[in-house]
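Report on the structure given below.
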There are 2 protein chains.
Amino acid sequence: MALEHAILVSLLEQPGSGYELARRFERSIGRFWTATHQQIYRVLKRMEADGWVVGRDVGQDGRPDKRSYEVSAAGRETLTEWLREPVQPEAVRHDLAVKIRGAAFDDAAGRARLVDEVRRYRAGHEETLARYLAGERRDFPAGGDLDTGQRLQHVVLRGGIAYERMLLDWLDDVLETLLKGLP
Amino acid sequence: MALEHAILVSLLEQPGSGYELARRFERSIGRFWTATHQQIYRVLKRMEADGWVVGRDVGQDGRPDKRSYEVSAAGRETLTEWLREPVQPEAVRHDLAVKIRGAAFDDAAGRARLVDEVRRYRAGHEETLARYLAGERRDFPAGGDLDTGQRLQHVVLRGGIAYERMLLDWLDDVLETLLKGLP
DNA sequence: CCTTGATATGCAACGAGTTGCATAGCAGGA
DNA sequence: TCCTGCTATGCAACTCGTTGCATATCAAGG
């Protein structure tokens with residue numbers, strides 16, 4: 001639905017090619033909007049056909065050519081229209097929560113396996129939090145002067161940090177609860 | 001991907017019809033796995049064909065007949081196999097975060113509109129939190145005796161509560177940040 | 001009596017998203 | 001020299017998910 005809009009925002013922040021967008025989605029934007037490179041290439045084509053973005057081929061030395069895109073006036077208008085629409089409730093798909101409730105119907109060995117999985121999962125999110133915090137120190141040093149765009153990027157990053165902290169606390173709670181069932 | 005598994009868990013907790021499942025997905029399970037009734041009916045058919053669930057028609061007085069399902073031994077086995085697989089990283093799609101970063105490319109009037117939207121959105125999540133807390137008081141009173149299944153349901157609910165609280169705090173941060181840009 | 005609304009199920013069409021594969025240039029190391 | 005890996009783009013096939021619509025029963029209210 002709104003992959004187009006996520007791409008528009010990303011290209012307004014910084015023009016780039018499909019490949020570069022895919023990289024950004026893996027890193028920054030992917031915090032709140034995931035997409036694979038195939039999806040991005042396909043949508044970029046459609047967006048170019050609709051006149052939302054303008055692409056041009058850029059030759060590079062030592063690398064294959066790339067096609068770099070920037071947002072057109074029409075694309076910008078499309079974005080601001082979308083910004084004024086109501087926020088859609090997000091579609092939640094949380095694998096782990098289903099598994100935790102499902103663990104009630106598995107045996108002790110199965111729950112022990114799940115404990116290991118939760119620990120692995122927790123370690124991954126600890127890394128994510130560390131990465132966010134490092135990014136925050138790098139891009140938003142205390143006392144630095146920020147423009148509107150940077151302040152907005154920062155508040156979104158703070159959201160990611162708050163989410164990860166909340167998640168880590170909850171995972172501790174989950175581990176404790178699971179372990180109570182395995183004396 | 002795992003709608004099947006979410007349905008299996010829900011049916012193990014309590015057998016029921018497609019309609020009832022859709023209701024539960026709106027309420028309880030929908031906290032971490034959304035699905036529409038069409039999807040549920042379609043998947044239930046496939047699951048019955050695969051022998052994961054057994055359906056039987058139940059006549060009701062004063063209401064149309066329904067087809068009630070319960071999980072078969074094969075379905076239970078399928079679920080425990082899935083429980084032992086690694087947890088997939090969840091696909092995040094967070095509309096609002098895209099809009100917040102997009103607000104940098106809108107004018108003051110547009111950002112003012114977004115502030116209203118964020119307030120509306122925040123009010124919705126305040127209601128959600130209140131509903132979770134009421135559910136917690138109802139289903140998990142302090143000092144009550146809980147079996148494994150109930151303890152697991154409770155820890156998942158606590159996750160929902162923690163998420164909503166984190167979100168409300170973050171939305172306050174967002175509002176403050178947006179308002180700084182509108183003197 | 002007629003409308004509205006809840007229960008209960010479903011089809012058809014479309015759009016979104018994933019998976020697997022293919023291509024091609026060039027860098028760097030074994 | 002060959003293999004691996006990164007940059008860079010893309011097709012084809014498939015599954016998943018959403019939207020709009022349709023149907024039928026019955027209760028309650030005006």
Side-chain angles (χ1 to χ4, degrees), chain A residues 1-8 11 15-27 29-30 32-50 53 55-69 82 85-86 88-95 98, chain B residues 1-7 11 15-27 29-30 32-50 53 55-69 82 85 88-95 98:
Chain A
M1 307 280 255
L3 175 55
E4 283 88 338
H5 304 113
I7 288 177
L8 285 172
L11 287 180
S17 69
Y19 190 82
E20 285 161 352
L21 279 170
R23 281 351 229 358
R24 284 187 226 165
F25 270 77
E26 266 173 35
R27 287 196 276 264
I29 311 277
F32 47 89
W33 207 277
T34 53
T36 59
H37 77 271
Q38 285 86 349
Q39 231 181 308
I40 290 168
Y41 282 122
R42 207 191 322 165
V43 171
L44 272 175
K45 287 229 156 139
R46 191 171 63 224
M47 289 169 78
E48 191 175 16
D50 292 345
V53 296
R56 64 196 172 83
D57 291 314
V58 179
Q60 304 183 102
D61 43 295
R63 283 183 197 179
D65 293 359
K66 65 178 181 180
R67 187 162 181 84
S68 193
Y69 294 91
W82 174 74
E85 283 170 22
Q88 297 301 117
E90 57 271 17
V92 182
R93 303 266 142 115
H94 209 304
D95 228 42
V98 179
Chain B
M1 317 274 249
L3 175 56
E4 283 88 338
H5 304 113
I7 288 176
L11 287 181
S17 69
Y19 190 83
E20 284 161 353
L21 279 170
R23 283 347 230 1
R24 284 186 225 165
F25 271 77
E26 265 172 37
R27 286 196 278 264
I29 311 278
F32 47 89
W33 207 277
T34 52
T36 59
H37 77 272
Q38 285 84 349
Q39 232 182 307
I40 291 168
Y41 282 123
R42 210 191 320 165
V43 171
L44 272 176
K45 286 228 157 140
R46 193 172 59 223
M47 288 168 77
E48 190 175 16
D50 291 345
V53 295
R56 64 197 170 83
D57 291 313
V58 179
Q60 303 183 104
D61 43 296
R63 285 183 195 177
D65 292 359
K66 65 178 180 179
R67 187 163 180 82
S68 192
Y69 294 90
W82 174 75
E85 282 170 23
Q88 296 301 117
E90 55 270 19
V92 183
R93 304 267 141 113
H94 209 303
D95 228 42
V98 179

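Letters A, B, ... are given to chains in the order of the sequence lines, protein chains preceding strands, and every chain is numbered from 1.
Look at Tyr41(B) and you'll find a side-chain N or O under 4.0 angstrom from OP1 or OP2 of dT9(C). One finds no side-chain N or O of Gln38(B) lying less than 4.0 angstrom from the OP1 or OP2 phosphate oxygen of dG17(D). Not one side-chain nitrogen or oxygen of Lys45(A) sits closer than 4.0 Å to the OP1 or OP2 atom of dT9(D).
For Arg56(B) and dT9(C), the CZ to C1' distance is 17 Å, given to the nearest whole Å. Atom C1' of nucleotide dG17(C) and atom CZ of Phe25(A) are separated by 13 Å, given to the nearest angstrom. Look at CD1 on Ile40(A): it is 11 Å from P on dG17(C), rounded to the nearest Å. Per the geometry, CZ belonging to Arg93(B) stands 11 Å off P belonging to dA16(C), to the nearest Å. In this structure, Tyr69(B) atom OH and dA8(C) atom P are separated by 13 Å, rounded to whole Å. If you take NE2 of His37(A) and C1' of dT7(D), they are 11 Å apart, rounded to a whole angstrom. In this structure, Glu4(B) places its CD atom 12 Å from C1' of dG17(D), rounding to the nearest Å. Atom CD in Glu48(A) sits about 14 Å away from atom C1' in dG10(D), given to the nearest Å.
Heavy-atom distances under 4.0 Å link DNA chain C to no residue of residues 16-24 of chain A.
Using a distance-only test at 3.5 Å, with no hydrogens or angles considered, a donor-acceptor pair links the side chain of Glu20(B) to the main chain of Ser17(B).
Of the listed nucleotides (dT9(D), dT18(C), dC16(D)), dC16(D) has the atom at the smallest distance from the side chain of Arg46(B).
Evaluation of the side chain to side chain contact (heavy atoms under 4.5 Å, CB included) rule for Ser68(A) yields Val58(A) as partners, not counting sequence neighbours. Applying the side chain to side chain contact (heavy atoms under 4.5 Å, CB included) rule to Arg46(B) yields the partners Glu4(B), Val43(B), Asp50(B); only residues at least two apart in sequence or on another chain are considered. Applying the side chain to side chain donor-acceptor pair (under 3.5 Å) rule to Thr34(A) yields the partners Arg93(B); only residues at least two apart in sequence or on another chain are considered. Take Glu26(A) and apply the side chain to side chain donor-acceptor pair (under 3.5 Å) test, not counting sequence neighbours, and it matches no residue.
Screening residues 35-44 of chain A for side chain to side chain donor-acceptor pair (under 3.5 Å), with sequence neighbours left out, gives no hits.
Note on Arg42(A): a base of the nucleic acid sits closer than 4.0 angstrom, heavy atoms only.
When all heavy atoms of Leu44(A) and Gly18(A) are compared, the closest pair comes out as CD1-CA, 3.6 Å.
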